[in-house]
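Report on the following structure.
Proteins get letters first, then strands, A, B, ... in listed order; numbering begins at 1 in each.
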2 protein chains.
Amino acid sequence: MNNPLNDDMPASQNDEAFLRDCLFFNANRLSRAVTKMAEEQFAQTGLSPMYGYLIRIVNGSPGITQKLLAEKLYITPSTLTRFIDKLETKNLVERKVQGKTVLVYPTEKGNALVPRIRDASKAFKAEYENLLGKAAADLLSAELVKTSALMEE
Amino acid sequence: MNNPLNDDMPASQNDEAFLRDCLFFNANRLSRAVTKMAEEQFAQTGLSPMYGYLIRIVNGSPGITQKLLAEKLYITPSTLTRFIDKLETKNLVERKVQGKTVLVYPTEKGNALVPRIRDASKAFKAEYENLLGKAAADLLSAELVKTSALMEE
DNA sequence: ATACCTAAGTTGTATGTACACCGAAATCAA
DNA sequence: TTGATTTCGGTGTACATACAACTTAGGTAT
C-alpha cells in the first residue's frame with residue numbers, strides 16, 4: 001500500500017510515513033507516556049518523580065555534591081540548582097557550602113518522606129512491569145540506555 | 001556485587017540501582033539525546049525539529065485542522081496553538097478560520113523551506129541509522145511505539 | 001608569589017510543554 | 001426552537017529544562 005519512496009514524493013502525495021518511524025517523535029512520545037505514569041504514582045508523595053528520586057539519592061548519599069547529583073539524574077547543573085532551590089524552600093534538603101562546591105544533605109522532613117517515595121517508585125515499577133512484562137521492561141530499559149549512550153557520543 | 005534487595009535496603013546502603021534500571025530516567029534520557037541530535041541536523045533549516053515536521057505536514061496536507069495536526073505531532077492542542085502562533089509571525093504558515101475549527105495552510109515561504117527540512121530529516125535519520133544500524137533503529141522505533149501505546153491506556 | 005587556567009554553582013533568559021479554564025460554534029434533545 | 005452538552009481553539013499560568021555568561025574558589029606554572 002505504501003510507496004517506499006514516500007519520503008521523496010511531492011508534498012501533495014506525502015502520507016507522513018516520515019512521522020510514524022521517526023525516532024524523534026517516538027522517543028518523545030515514550031518519554032511523555034512514562035513521565036505521566038510516574039507522576040500518577042508519585043502524586044501520593046506530593047512531589048514529581050524527579051524530585052522524589054532526587055531526595056532518595058540525597059537520603060542515600062548525604063553530602064553528595066551537586067555536580068555528582070546532576071550526573072546521576074541526567075540533568076544539567078543549572079537545572080539542578082533550580083530543583084535544589086525548590087526543595088530547600090520546602091525544607092526537604094539543605095545545602096552546605098564547602099569552598100567552591102556545595103554539599104547537599106537531607107533534612108529530617110526529607111528523610112521522613114523517603115518511605116513514601118520508595119513506595120511510589122515501587123508502585124510505578126510494578127505498574128509498568130505488569131503492563132509490559134518484567135523481562136520486556138528490563139530489555140527495553142537496557143535498549144534505551146545503550147542507545148542513549150551511543151547518541152551522547 | 002549487587003545485592004538484589006537494594007531497593008529495600010536502608011538508605012545508607014542504597015547503591016542507586018533504582019536509578020539505573022528506571023524507565024523514567026532511561027526514557028527521558030533517550031528523549032533528550034535524540035532531540036539534541038535532531039536539533040543539530042535541523043539547525044540548517046533555522047527551525048527546531050518539531051517546527052520542521054509541523055511545516056512538512058502542513059505542506060503535505062494543506063488545510064489540515066489544528067486538532068488533527070496536534071494528534072499527528074503527539075502534542076496537546078494548547079501547545080500547538082503556541083507553535084502555530086510562532087510560525088504565523090514568521091510567515092511560514094497561515095490560519096483560516098472555518099466556523100469553530102481552524103485550517104492551517106502553508107505560505108509560499110513555508111513551502112520554499114520544505115526541501116531543506118526534508119534534507120534535515122533525512123540527514124537525521126541517516127545519522128542515527130548509521131549509529132545504531134538500520135535494523136536496530138527500526139526495531140527500537142517499533143518498540144517505542146508499542147510501549148507508548150500500552151502506557152497511554 | 002603572581003598570574004593564568006579550570007571547575008562548581010548561580011542567574012538571566014529562552015523554549016517546550018501541559019493543565020485548567022474560557023468563549024464560541026456545533027450538535028443534540030425537549 | 002430553545003436549551004444543554006460537546007468540541008475546538010485560545011489564554012493565563014506554571015513547570016522542566018537548557019545555554020550562555022558570570023562569580024568565586026582551587027590548582028598550576030614560571
Is a side-chain donor-acceptor pair under 3.5 Å present for A:T81 with A:S78? no

Output all residues satisfying side-chain hydrogen bond (donor to acceptor under 3.5 Å, both in side chains) with A:D138, sequence neighbours left out; order by chain, then residue number. A:K134

Donor-acceptor pair, B:R116 side chain versus B:G46 backbone, under 3.5 Å? no

Measure from the side-chain N and O atoms of B:T107 to the backbone N and O of B:N91, and report whether any donor-acceptor pair falls under 3.5 Å. yes

I'd like to know if B:K100 reaches the base of D:dT7 with its side chain such that a donor and an acceptor end up less than 3.5 angstrom apart. yes

What do the steps show when you test B:D85 against B:R95 for salt bridge (Lys or Arg N to Asp or Glu O under 4.0 Å), and what is the final call? CA-CA 9 Å; B:D85 286 350; B:R95 288 180 165 102; 2.9 Å; yes

Please give the angle, rounded to 10 degrees, between the axes at the start and the end of the helix from C:dA1-D:dT30 to C:dA30-D:dT1, where five pairs define each axis. 10°

Distance from A:R29 atom CZ to B:S31 atom OG, nearest 0.5 Å? 13.5 Å

So, with a heavy-atom separation below 4.0 Å from DNA chain D, the residues of residues 42-52 of chain A are A:S48, A:M50, A:Y51

For D:dT6, does OP1 or OP2 lie under 4.0 Å from any side-chain N or O of B:K67? no

Check: A:N26/B:S141 side-chain N/O donor and acceptor closer than 3.5 Å: yes

For A:N28 and A:T65, find the nucleotide of DNA chain C closest to each by heavy atoms; which residue's nucleotide sits nearer the 5' end? A:T65

Range on DNA chain C touched by chain A - first to last nucleotide, heavy-atom distance under 4.0 Å: C:dA7 to C:dC19

Run the side-chain hydrogen bond (donor to acceptor under 3.5 Å, both in side chains) test against B:T35 and tell me which residues pass, sequence neighbours left out. A:N28

Heavy-atom nearest pair, A:T45 first then A:A120, reads CG2-CB, 3.8 Å

Does the Lys NZ or Arg CZ of A:K96 fall within the cation-pi geometry relative to A:Y105 - under 6.0 Å from the ring centre and within 45° of the axis? yes

Which residues in residues 78-98 of chain B have at least one heavy atom lying under 4.0 Å from any atom of DNA chain C? B:S78, B:T79, B:R82, B:F83, B:K86

Classify the angle between the aromatic ring planes of A:F124 and A:F42 as parallel (below 30°), tilted (30 to 60°) or perpendicular (above 60°). perpendicular

